[in-house]
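A short write-up of the structure that comes next.
Letters go in sequence order (proteins before strands), and every chain restarts at 1.
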Amino acid sequence: MTASIPDAAPCGTAYRARWKNLVPTRLSPCIPVPVYAVARQAGAGYQLDFAFLPLPETSMAPVKIDAALLDWYDRHARDLPWRTGPAARKRGARPDPYRVWLSEVMLQQTTVATVTPRYQRFLELFPTVEALAAAPVEAVLAEWAGLGYYARARNLHKCARAVAGEHGGNFPQTEEGLRALPGIGAYTAAAIAAIAFDEPAVVMDGNIERVMARLFAVETPLPDAKPVLRGHAASLTPDKRPGDYAQALMDLGATICTPRNPACVLCPLRGGCAAQALGIQGDLPRKKKKAAKPTRFGTVFHITRQSDGAVLLVRRPDKGLLGGMLAFPASEWGEKADPEPPVRTDWQIASESVRHTFTHFHLEMDVWQGQVGDELASKLEESLYGRWTDDPAGEGLPTVFRKVLKVLED
DNA sequence: AAGCCGGGGCT
DNA sequence: AGCCCAGGCTT
């Protein structure tokens with residue numbers, strides 16, 4: 001259903017649309033004919049019935065932000081595996097700090113949809129901080145494969161060992177104590193303190209920055225606006241239920257106060273939102289322009305052992321791109337250049353190359369396939385500190401190297 | 001303060 | 001296919 005709502009229509013005219021197709025300014029109070037909308041959840045999105053009717057009030061109405069938000073959260077909180085249910089919350093039950101920490105680290109730069117199944121699998125494999133601390137780091141990295149930002153996994157493991165070894169298996173309960181642990185920065189420390197330990201910490205993530213920029217119509221571009229937005233967030237953070245409050249703000253940012261096409265008609269804070277009253281909510285937060293990504297080139301070597309068809313993997317150095325992860329041997333990635341193969345053999349060059357985009361560059365990588373005999377295989381294994389595997393797809397390879405397997409399949 | 005780190009979803 | 005999104009660590 002892709003109907004668009006006109007700016008004006010006779011009273012009583014009704015429309016129906018998915019909220020994502022709406023232009024937010026049409027819903028601002030500036031329009032000649034007020035819009036009244038009733039929304040209900042439909043599948044993954046929202047279904048709206050629109051009617052053009054006169055509304056009694058179209059300007060900003062006083063809203064007690066934290067109360068309105070908690071009320072909305074009690075009715076609409078998403079049921080996520082790392083959350084305690086409403087019934088348990090009412091009994092005063094606190095969530096397991098280990099689970100809160102694990103979920104928050106996974107959720108850094110990663111969406112709920114991606115994290116949810118991976119979180120469940122991870123928790124089954126490493127159910128406690130002690131179990132995680134006892135595991136070899138290679139097992140943790142393999143389980144993290146495909147999630148990206150692999151320093152998170154190395155720091156997660158370091159942090160588990162610190163908590164298990166130096167804190168008797170218990171996470172520190174204050175922001176400062178948490179902040180001192182590997183992989184726990186300002187955001188994660190505040191989130192764990194609020195959610196697991198009921199501390200009124202000021203939680204700031206991208207979602208909350210966006211909500212604050214809109215609530216207070218902050219037009220300063222990010223990142224310059226960060227201190228101002230933090231000040232606004234601090235002014236609203238309640239002493240009661242700070243964990244629920246923080247999660248409510250993030251849920252609101254993820255589902256209603258979205259980066260594009262915010263669903264203001266569904267927003268419990270609509271009456272208190274300065275940007276919405278001005279009709280500029282879709283333009284906020286403003287951001288400084290980022291540099292364009294350059295393209296780098298390289299070659300990856302898929303080497304099979306003649307006797308059994310096993311494939312050679314290497315482990316990348318701990319520092320830098322894809323640090324500590326398993327990989328196929330590859331050239332340096334940079335300017336277009338003739339590759340230096342790790343061994344002389346009859347290379348087959350795959351007709352399709354691998355394309356992948358990292359945080360700050362595009363990569364275009366030729367795929368060379370070669371076979372070696374057992375003697376050469378042993379020499380290669382030694383000189384590259386490699387390992388032969390008969391199931392590369394099952395080894396926890398980062399996405400860029402999974403794409404190599406895909407290219408060779410075709 | 002600025003640059004280094006993946007990957008997935010939406011248009 | 002291109003654009004958007006976003007914490008922590010290092011230098």
Side-chain donor or acceptor of [X] paired with backbone N/O of [Y] under 3.5 Å:
{"X": "A/R305", "Y": "A/A310", "value": "no"}
{"X": "A/H356", "Y": "A/M365", "value": "no"}
{"X": "A/R161", "Y": "A/A133", "value": "yes"}
{"X": "A/R210", "Y": "A/G253", "value": "yes"}
{"X": "A/S331", "Y": "A/T299", "value": "yes"}

*Going by atom types alone, do A/R152 and A/Q108 pair a side-chain donor with an acceptor below 3.5 Å?*
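Side chains of A/R152 and A/Q108: no pair found under 3.5 Å.
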For [X], answer base if it contacts any base atom (sugar-phosphate contacts may also be present), sugar-phosphate if it contacts only those atoms, and nothing otherwise; contact means non-hydrogen atoms under 4.0 Å.
{"X": "A/K293", "result": "nothing"}
{"X": "A/L107", "result": "nothing"}
{"X": "A/A113", "result": "nothing"}
{"X": "A/P398", "result": "sugar-phosphate"}
{"X": "A/T357", "result": "base"}
{"X": "A/R210", "result": "sugar-phosphate"}

Are [X] and [N] close enough that a side-chain N or O sits under 4.0 Å from OP1 or OP2?
{"X": "A/K319", "N": "B/dC5", "result": "no"}
{"X": "A/R260", "N": "C/dC3", "result": "no"}
{"X": "A/T110", "N": "B/dG8", "result": "no"}
{"X": "A/H356", "N": "B/dG7", "result": "yes"}

Please state the [atom1] separation for the pair [N] and [M] - nearest whole angstrom.
{"N": "B/dA2", "M": "C/dA6", "atom1": "C1'", "value": "16 Å"}
{"N": "B/dG6", "M": "C/dT11", "atom1": "P", "value": "16 Å"}
{"N": "C/dC5", "M": "B/dC5", "atom1": "P", "value": "23 Å"}

Between atom [atom1] in [X] and atom [atom2] in [N], what is the gap in whole Å?
{"X": "A/N261", "N": "B/dG9", "atom1": "CG", "atom2": "C1'", "value": "14 Å"}
{"X": "A/L363", "N": "B/dC4", "atom1": "CG", "atom2": "C1'", "value": "16 Å"}
{"X": "A/H360", "N": "B/dG7", "atom1": "NE2", "atom2": "P", "value": "13 Å"}
{"X": "A/N155", "N": "C/dG8", "atom1": "CG", "atom2": "P", "value": "11 Å"}
{"X": "A/F358", "N": "B/dG8", "atom1": "CZ", "atom2": "C1'", "value": "14 Å"}
{"X": "A/M106", "N": "B/dG7", "atom1": "CE", "atom2": "P", "value": "14 Å"}
{"X": "A/L322", "N": "B/dC5", "atom1": "CG", "atom2": "C1'", "value": "9 Å"}
{"X": "A/F361", "N": "B/dG7", "atom1": "CZ", "atom2": "C1'", "value": "13 Å"}

*Between A/G148 and A/K288, which has a closest nucleotide on DNA chain B that is more 5'?*
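By nearest-heavy-atom nucleotide position, the 5'-most residue is A/K288.
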*Classify the side chain of A/T114 versus the base of B/dG8 as yes if they form a donor-acceptor pair under 3.5 Å and no if they do not.*
no
*Looking at A/Y119 versus A/F122, is the centre-to-centre ring distance below 6.0 Å?*
no
Closest nucleotide among [options] to the [X] side chain:
{"X": "A/Y187", "options": "B/dG6, C/dG7, C/dC4", "result": "C/dG7"}
{"X": "A/T399", "options": "B/dT11, B/dG7, C/dC9", "result": "B/dG7"}
{"X": "A/Q109", "options": "B/dG9, B/dG6, B/dG7", "result": "B/dG6"}
{"X": "A/N207", "options": "B/dT11, C/dA6, B/dG6", "result": "C/dA6"}

